[in-house]
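Below you'll find the structure, written out as structure tokens, and then a few comments.
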Amino acid sequence: MSDIPLALVFGGSRGIGAACVSKLQADGYDVALTYVSNKPEGSARAYACDVRDAASVARAFADAQRDFGRAPTAVLANAGINVPPGPLAQFGDEPMRQLVEVNIIGAFNVLREAARQVADGGAIVALTTSLVRHAAPGLGPYSASKAAVECLVRSLAKELAPRRVRVNAVAPGPVDTDLFRAGKTDEAKARSAAMSPFNRIGTPAEVAEVVTFLLSTKASWVHGQIVQPNGGLI
């Protein structure tokens, strides 16, 4: 069996997930990733996966086990969506259901299977958002869906401690991704940048540095935490 650590990244085809894949590979990991519809190019093994479907998530773990011959030592639950913001009084039923199905049920499926499959002594990280702690009008439903993920992470950290599996969450502020830019005017982007005293938004590579640190043995004493790479958004 190989001594090279194996990382499985859910939602690794673009944005923060893709940056994490690149950083993990640079750090010497074998990497497998999941995508929704468009298979990404690159050297990482890629599997189509719908995180809303528990069987699809379990199949991704099984495929990685088959292809690499071992369980993952690092699992990243990054797959998620956002929807156009809006006041709660006008927020639609369908976008709320989408947030629940992908961001809550999807994260639950990934974290549950990770709890079953990750190697002893390994690490799990889930992506959430600093907006859980920084209230913003129009973003309550999205923030609520990520707050649920943080609750799952904190409980799972207690549950997996006997196996020496570390579980943490990374909660970025605004980050320059397709998901962030979708539907935003230049004015809206400027408002997001102004949330940081550095007056800019973060980059996927900056968040990936934090994620991969937490997945590594360098973070051996970091457990059950919500780490916020957000440029000072408090």
Side-chain angles (χ1 to χ4, degrees), residues 7 9-27 33 74-87 99 102-103 107 123-154 157 166-216 218-234:
V9 178
F10 283 83
S13 63
R14 60 180 183 164
I16 292 171
C20 290
V21 167
S22 296
K23 184 64 169 62
L24 286 163
Q25 288 180 313
D27 288 348
L33 64 89
V75 178
L76 175 58
N78 175 65
I81 62 167
N82 202 346
V83 296
L99 288 171
V102 178
N103 291 359
I124 300 169
V125 169
L127 262 291
T128 70
T129 175
S130 287
L131 292 171
V132 172
R133 279 154 294 279
H134 186 92
L139 294 173
Y142 172 72
S143 302
S145 72
K146 291 298 191 176
V149 178
E150 294 190 2
C151 291
L152 294 173
V153 162
R154 291 169 67 86
R166 293 178 299 99
V167 187
N168 294 287
V170 172
V175 178
D176 189 15
T177 64
D178 292 341
L179 189 67
F180 168 79
R181 291 190 296 269
K184 284 189 174 66
T185 64
D186 289 342
E187 182 182 6
K189 294 174 188 175
R191 285 198 301 270
S192 293
M195 294 168 75
S196 163
F198 296 123
N199 196 35
R200 69 172 179 86
I201 60 176
T203 68
E206 288 174 314
V207 178
E209 291 283 352
V210 179
V211 171
T212 55
F213 165 72
L214 292 172
L215 289 172
S216 77
K218 294 177 182 178
S220 59
W221 202 231
V222 185
H223 183 53
Q225 302 302 307
I226 314 299
V227 183
Q228 299 188 97
N230 61 21
L233 186 160
I234 56 174

Taking distance alone, no hydrogens or angles, what donor-acceptor pairs closer than 3.5 Å link side-chain atoms of residues 226-234 to residues at least two apart or in another chain?
residue	atom	partner	partner atom	Å
Gln228	OE1	Ser130	OG	3.3
Gln228	OE1	Arg133	NE	3.0
Asn230	OD1	Gly232	N	3.1
Asn230	OD1	Leu233	N	3.1
Asn230	ND2	Ser130	OG	3.0
Asn230	ND2	Leu233	O	3.0

Shortest non-hydrogen contact between [X] and [Y], atoms and distance:
X	Y	result
Pro172	Ile16	CG-CD1, 4.3 Å
Met195	Pro174	SD-CG, 4.2 Å
Ile201	Phe180	CD1-CE2, 3.4 Å
Gly12	Val21	O-CG2, 3.7 Å
Asn103	Ala107	O-CB, 3.2 Å
Ala157	His223	O-NE2, 2.7 Å

Item to complete: Would you mind listing every salt bridge (Lys or Arg N to Asp or Glu O under 4.0 Å) that reaches into residues 17-27, with sequence neighbours excluded?
Response: Lys23-Asp27, Lys23-Glu209
Worksheet item: What residue pairs, at least two apart or across chains, pass salt bridge (Lys or Arg N to Asp or Glu O under 4.0 Å) with a residue in residues 221-234?
Response: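 Listed by first then second residue: nothing to list.
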Response to the item:
Output for pair (Leu127 CG, Glu150 CD), nearest 0.5 Å, gives 10.5 Å
Item to complete: Mind checking the OG1-NE2 spacing from Thr129 to His134? Nearest 0.5 Å is all I need.
Response: 10.0 Å
Are any side-chain N or O atoms of [X] and backbone N or O atoms of [Y], one a donor and one an acceptor, separated by less than 3.5 Å?
X	Y	result
Glu206	Thr203	yes
Asn168	Gln225	yes
Ser143	Gly140	no

Fill in: Audit row: Asp178, Arg14, side chain to side chain contact (heavy atoms under 4.5 Å, CB included) steps and yes/no
CA-CA 8 Å; Asp178 292 341; Arg14 60 180 183 164; 4.0 Å; yes
Do [X] and [Y] touch side chain to side chain, with heavy atoms closer than 4.5 Å?
X	Y	value
Leu215	Leu24	yes
Thr177	Pro204	yes
Arg166	Trp221	no
Leu139	Lys146	no

Side-chain donor-acceptor distances from residues 75-84 under 3.5 Å, at least two apart:
residue	atom	partner	partner atom	Å
Asn78	ND2	Gly11	O	2.6

Worksheet item: Who are the side chain to side chain contact (heavy atoms under 4.5 Å, CB included) partners of Ser22, not counting sequence neighbours?
Response: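 If we apply the side chain to side chain contact (heavy atoms under 4.5 Å, CB included) test to Ser22, skipping adjacent residues, there are no hits.
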Discussion item. List the residues meeting salt bridge (Lys or Arg N to Asp or Glu O under 4.0 Å) with Arg154, not counting sequence neighbours, and say none if there are none.
Written reply: none
